[in-house]
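Following: one structure in C-alpha cells, then a few remarks.
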2 protein chains.
Amino acid sequence: MKSKFNLIIADDHVMFLDGLHGILSELENVGEIHLATDGQQVLRLLNQFNNVDLVISDINMPKMDGIELLSTVKKKYPEIKFFILSMLDDVRTINKVVQKQADGYILKFADKEELKKAVLEVLSGEQHYSQKVKESYMQSVFERKQNSHVELSKREKEVLKLLMEELSSKEISEKLFISVNTVETHRKNILLKTGSKTTVGAVKFAIDNGYYSE
Amino acid sequence: MKSKFNLIIADDHVMFLDGLHGILSELENVGEIHLATDGQQVLRLLNQFNNVDLVISDINMPKMDGIELLSTVKKKYPEIKFFILSMLDDVRTINKVVQKQADGYILKFADKEELKKAVLEVLSGEQHYSQKVKESYMQSVFERKQNSHVELSKREKEVLKLLMEELSSKEISEKLFISVNTVETHRKNILLKTGSKTTVGAVKFAIDNGYYSE
DNA sequence: TTGTAAATCACTGAATTCTGTGAGGTTTTT
DNA sequence: AAAAACCTCACAGAATTCAGTGATTTACAA
C-alpha cells in the first residue's frame, strides 16, 4: 500500500469543494488533491496527471454529471477508485451508481469523520456505502423481485414508449401503422404483465425499468 | 462596530457544516460559531445565547426550513442579520427570500472568498446577493406572471399522490370525502399546471418532483 | 411437428377520463 | 379592503381506456 494517495474532488459548488479540500488535507496519507467543478474537467485532470488514485465526485454537475463520469472513468481507468458524494438518496439514482460499480456512495448528510473513514477504506480496496444508501438499495432489490420476471415483447415496449410520450392509442396506431385494436390489445397485455390496474402503473413500470429515457 | 461577532450556521448536511465552520473560523472578527442541522435547533440556540449577530442558513432542512426560519427570526429578533446559503436558484425561492427581507443570498456555487466577503459585508450592515440571484430576481420582476415554475396546491398534491396509487377519480373522491366532480376538477388543473396532455404526463411529473414516494 | 409466444385484428359494452363552462365560499396575499 | 388563489360542486358530451372474448398468421423452440 502506497504511503501517499492523490485525489481528484469534483463538485460544482465551489464552496463545498473548498470545505472538502480542507477536510481531506487533514488526512496524512493523502498527497495531491486536484479540484474540479464539472465532469469534463475531471477527465482533463486524469489526462494530465497519471498518478491519481481516487476520484470523489458529486452527481449534479454541468457538462458531464457524476454518473456519466463514473462510467467513463471506470472504463478508461479501471484501476482508479471512484466514489460518489451526493445529496441524492432516491432509489433510482442509487441503483444507477451501484450498477456502475462505484467504490462507494456517501450522502452529504454524513459528517466529516465518516467521509475520512470512507476515503481510507476505499483507498485500501474496500467499498463504503452510507447506511441509508444500503437500505434504499436493498429496498429496490426487493421491489425488483416482484417484476423481474416481467418481460415485455418488442412491440409492447414500442407501444409503452409512445404511451410515455402522452400519445393516445389512436395516435400510437398511426405511428406504428397498425390498427387501434392492436394497440389496445398491446396495452391490455402490458397492464396484465406488469400487474397494473391503470396506465399509471404502466408508466411507473416504464420508469422503474428504464423503458423511458428522459 | 464590534470586534468579534458570533454566528449560527445551519445546514442539514453535516459535512458541509464542517466545511463552513472551517472557512468562517479563518475570519478574525468572528467569535463563537454555533452549528445547527435544522431550523428548530437554531431557535433553541437563539434562545440560549443572546449574543448572536448573524445566522447563516440553508433552505432545505428538516423540521423547519430556512425560509420559515428566516420569517421567525426576523420577526422575533429584528436586529439579528440573516442570510441564506443555498443551492436553490429558482425564481420562486429567490422571490420568497427577497420578500422576507433576508440580508443576503449566496449560492453554494460561490467560492469561499465570496462567502467571507459576504459575511463581512452583512455584518457591517450591507446586503449581499450573489450575481446569479440578482439576475434571477430581475428576470422574475420582468416576467411577472410568466412563472414557468409549477407549484401544485396542497389538495392537488393529495389527489396526485392517490392517483399514483392507481386509484380512479371515484376511488379518490371516496378517500378524500369529496365529490367526484371535485376530483375531476383537481385532475383537470393538475394537467393544466403541469402542461400534460394525459395522466401519463402527471405521473412523470409526480416522479420527477418527488410527489411520489415509492 | 407440435406447441408456445408474439403480433395482428375485431367487436362490444362499461367505466373512466378529458374538455368546457360556470359558480359560490374560503383562504391567502397584496 | 381588494385581488388572487384555492377548494368545492355540477353538468354534459366527446374521447379514451378497460375488460372480455375470439381469431389468424408468423416465428421460433421443444
Side-chain angles (χ1 to χ4, degrees), chain A residues 149-206 211, chain B residues 67-68 70-71 75 91-93 95-101 140-141 143-147 149-206 211:
Chain A
H149 52 295
V150 173
E151 269 302 326
L152 296 189
S153 75
K154 197 178 160 192
R155 206 52 159 172
E156 285 161 354
K157 285 179 192 169
E158 286 182 284
V159 170
L160 180 52
K161 202 183 156 206
L162 293 174
L163 189 62
M164 292 297 288
E165 290 169 21
E166 299 194 57
L167 302 187
S168 68
S169 294
K170 194 182 153 204
E171 291 168 321
I172 293 173
S173 79
E174 284 159 5
K175 279 233 171 188
L176 297 181
F177 302 106
I178 56 179
S179 150
V180 182
N181 299 302
T182 307
V183 176
E184 287 282 305
T185 302
H186 286 315
R187 291 184 63 157
K188 214 179 306 177
N189 291 328
I190 290 171
L191 293 190
L192 240 150
K193 286 187 178 178
T194 60
S196 307
K197 244 174 68 186
T198 69
T199 303
V200 172
V203 174
K204 292 197 291 186
F205 173 87
Y211 289 140
Chain B
I67 305 274
E68 204 186 330
L70 169 59
S71 302
K75 199 179 293 174
V91 174
R92 208 181 163 85
T93 305
N95 270 339
K96 280 191 200 159
V97 172
V98 174
Q99 225 96 63
K100 296 201 187 292
Q101 313 270 323
S140 81
V141 168
E143 284 182 7
R144 279 276 141 208
K145 273 295 155 194
Q146 301 302 0
N147 263 342
H149 185 75
V150 175
E151 191 63 48
L152 297 186
S153 77
K154 198 178 160 191
R155 207 52 158 169
E156 285 160 356
K157 284 179 193 171
E158 287 183 286
V159 171
L160 181 52
K161 201 183 156 207
L162 293 174
L163 190 61
M164 291 298 287
E165 290 169 21
E166 300 195 55
L167 302 187
S168 68
S169 294
K170 193 181 153 206
E171 291 168 321
I172 293 173
S173 78
E174 283 159 4
K175 280 230 167 188
L176 297 181
F177 302 106
I178 56 180
S179 151
V180 182
N181 299 303
T182 307
V183 175
E184 288 281 306
T185 302
H186 286 315
R187 291 183 63 156
K188 213 180 307 178
N189 290 329
I190 290 171
L191 292 191
L192 213 80
K193 284 188 179 178
T194 60
S196 306
K197 245 174 68 185
T198 69
T199 303
V200 173
V203 174
K204 292 197 291 184
F205 173 86
Y211 289 141

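Quick caveat, the model's predicted, so the values are computed rather than measured. Sequence lines set the chain letters: A, B, ... in the order given, protein chains first and strands last, and positions in each chain run from 1.
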Separation of B/Ser173 OG from B/His186 NE2 (nearest 0.5 Å):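 Reported to 0.5 Å precision, the distance equals 11.0 Å.
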Atom pair OG/CD of A/Ser168 and A/Glu174 - distance to nearest 0.5 Å: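 Interatomic distance, A/Ser168 OG to A/Glu174 CD, rounded to 0.5 Å: 7.5 Å.
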Other residues, nucleotides, ligands: >12 heavy atoms within 6.0 Å of A/Lys197 NZ: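 Yes, enclosed.
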Close side-chain approach of B/Thr199 and A/Thr198, heavy atoms under 4.5 Å: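 B/Thr199 does not reach A/Thr198 side chain to side chain.
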Close side-chain approach of B/Leu160 and B/Thr194, heavy atoms under 4.5 Å: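 Side chain of B/Leu160 against side chain of B/Thr194, heavy atoms only: no contact under 4.5 Å found.
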Protein-to-nucleotide contact annotation, 5' to 3' order, nucleotides 23-29 of chain C [B base; S sugar-phosphate only; - none; under 4.0 Å, heavy atom]: -------
Carboxylate-amine/guanidinium proximity below 4.0 Å for A/Lys175 and A/Glu165: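 No, A/Lys175 and A/Glu165 are not salt-bridged.
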Ion pair A/Glu158/A/Arg155, N-O distance below 4.0 Å: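 Judged by the 4.0 Å cut-off on N to carboxylate O distance, A/Glu158 and A/Arg155 do form a salt bridge.
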What is the distance, to the nearest angstrom, from the [atom1] atom on [X] to the [atom2] atom on [N]?
{"X": "B/Ile190", "N": "D/dC6", "atom1": "CD1", "atom2": "P", "value": "12 Å"}
{"X": "A/Leu192", "N": "C/dA5", "atom1": "CG", "atom2": "P", "value": "14 Å"}
{"X": "B/Lys157", "N": "D/dC6", "atom1": "NZ", "atom2": "P", "value": "10 Å"}
{"X": "A/Lys193", "N": "D/dC18", "atom1": "NZ", "atom2": "P", "value": "17 Å"}
{"X": "A/Arg155", "N": "C/dC9", "atom1": "CZ", "atom2": "C1'", "value": "13 Å"}
{"X": "A/Leu191", "N": "D/dC18", "atom1": "CG", "atom2": "P", "value": "5 Å"}
{"X": "A/Glu166", "N": "D/dT17", "atom1": "CD", "atom2": "P", "value": "12 Å"}
{"X": "A/Asn189", "N": "D/dT17", "atom1": "CG", "atom2": "P", "value": "16 Å"}

Closest non-hydrogen atom pair between A/Ser169 and A/Glu184, with its separation: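 Residues A/Ser169 and A/Glu184, closest heavy atoms: OG-OE2, 2.7 Å.
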Test side chain to side chain contact (heavy atoms under 4.5 Å, CB included) applied to A/Arg187 and A/Thr185, A/Val183, A/Leu191, the passing residue: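 Running side chain to side chain contact (heavy atoms under 4.5 Å, CB included) over A/Thr185, A/Val183, A/Leu191 with A/Arg187 returns exactly one hit, A/Val183.
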Phosphate OP1/OP2 of C/dC9: any A/Lys188 side-chain N/O under 4.0 Å: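 It does not, given that no N or O in the side chain of A/Lys188 lies less than 4.0 Å from OP1 or OP2 of C/dC9.
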Derivation of the side-chain contact (heavy atoms from CB on, under 4.5 Å) call for A/Leu162 and A/Leu176: CA-CA 10 Å; A/Leu162 293 174; A/Leu176 297 181; 3.9 Å; yes
Touch class at under 4.0 angstrom, heavy-atom based, for B/Lys154 against every strand present: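 Contact class for B/Lys154: sugar-phosphate only.
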Within residues 173-183 of chain A: residues closer than 4.0 Å to DNA chain D (heavy atoms):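 The stretch gives none, as no residue of it lies under 4.0 Å from the strand.
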Check: D/dT17 base within 3.5 Å donor-acceptor of A/Lys197 side chain: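 Absent.
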Full working for side-chain contact (heavy atoms from CB on, under 4.5 Å) between B/Phe205 and B/Ile190: CA-CA 10 Å; B/Phe205 173 86; B/Ile190 290 171; 5.9 Å; no
Considering only nitrogen or oxygen atoms on both sides, find all protein atoms under 3.5 Å from nucleotides 15-17 of chain C and state each distance.
unit_1	atom_1	unit_2	atom_2	d
C/dT17	OP1	B/Arg187	NH1	3.0
C/dT17	OP2	B/Ser169	N	3.1
C/dT17	OP2	B/Ser169	OG	3.1

